[in-house]
Amino acid sequence: MTLADIKLYVGEEIDIRQTLVDLQRDYQNRGIVLIKTGDRYHFQTAHDLSHLLRRERAELRKLSRAGMETLAIIAYHEPVSRAEIEAIRGVQVAKGTLDVLMEAGWVRPAGRREVPGRPLIYATTPEFLTHFGLQTRKDLPGIDDLRAAGLLDPVDLAMERLELEAEEELADGAAENASEDSAEDNFSEEYETDDAVLLENEHESA
């Protein structure tokens, strides 16, 4: 409260400034102290006791899809560079994605790859294994395990099915082309044979 606010409650007969100074002196060795901030006065917990009243709680934050994909790529392919992550995902990695994973303690810089430009490479941490209940990276689930658990995205399954269908179509197309080439070869051989007979007959007639 400001001096004007206090004056509205206690009137003007009291020396408010001196009273506040006396209160500050009286409370300076107690658990609650009177503090002046700017032109306002307020009571607050003494600094030496604040740690006893501080309440801390874990804040749960949902990892974004981009973060999950990036973490999975690092876990299955580590150590990997940002460029390699982007090549696998097919999109650019946002600046904050790797920062979030490192703040969570799941990803760490693992040196630089000895190639032109020496890009920074990333790997998982022991905290990553502990959080997900893994002994080693060998315990990471395979594609069949993920599919059986229903953890694969329906879009991913659809893309996988389309890729298989495309491969089958290519195989069928190659077989049809081979069959057509064989038929053309047979036709050419028969046509050449007929021409040879015709030429022989013409020669005999001559």
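Note that the structure is predicted; figures quoted are calculated from it, not measured.
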Measure the [atom1]-[atom2] distance between [X] and [Y] for me, rounded to the nearest 0.5 Å.
| X | Y | atom1 | atom2 | answer |
| --- | --- | --- | --- | --- |
| M102 | T125 | CE | OG1 | 11.5 Å |
| R112 | S81 | CZ | OG | 11.0 Å |
| R82 | T97 | CZ | OG1 | 8.0 Å |
| S64 | L71 | OG | CG | 10.5 Å |
| I16 | Y9 | CD1 | OH | 12.5 Å |
| L63 | T70 | CG | OG1 | 8.5 Å |

In a table with atom names and distances, give each donor-acceptor pair under 3.5 Å that connects a side chain of residues 36-46 to protein atoms at least two apart or in another chain.
residue : atom : partner : partner atom : Å
H42     : NE2  : Q44     : OE1          : 3.1

Do the non-hydrogen side-chain atoms of [X] and [Y] ever get within less than 4.5 Å of each other?
| X | Y | result |
| --- | --- | --- |
| I74 | L98 | yes |
| Q28 | Q24 | no |
| L49 | I32 | no |

Hydrophobic cluster membership, [X] vs [Y], 4.5 Å side-chain cutoff:
| X | Y | result |
| --- | --- | --- |
| M1 | L20 | yes |
| V91 | I85 | no |
| V107 | M68 | yes |
| Y76 | L129 | yes |
| I35 | L3 | no |

Closest heavy-atom pair and its distance - I73, R89: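 Nearest heavy atoms, I73 then R89: CD1-CG, 3.1 Å.
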Over all atoms of both residues, closest heavy-atom pair of V80 and H77: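 Closest approach of V80 to H77: CG1-O, 3.0 Å.
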According to ring pair (Phe, Tyr, Trp, His ring centres under 6.0 Å), does anything in residues 80-107 pair up with another residue at least two apart or in another chain? List the pairs.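 The answer is W106-H131, W106-F132.
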Cut-off 3.5 Å, no hydrogens considered: what does the side-chain donor-acceptor table look like for residues 114-124, sequence neighbours left out?
residue : atom : partner : partner atom : Å
E114    : OE2  : R118    : NH2          : 3.3
T124    : OG1  : E78     : OE1          : 2.5

Within the distance-only criterion (no hydrogens, no angle test), does the side chain of D5 pair as donor or acceptor with the backbone N or O of T2 below 3.5 angstrom?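 Such a contact is found between D5 side chain and T2 backbone.
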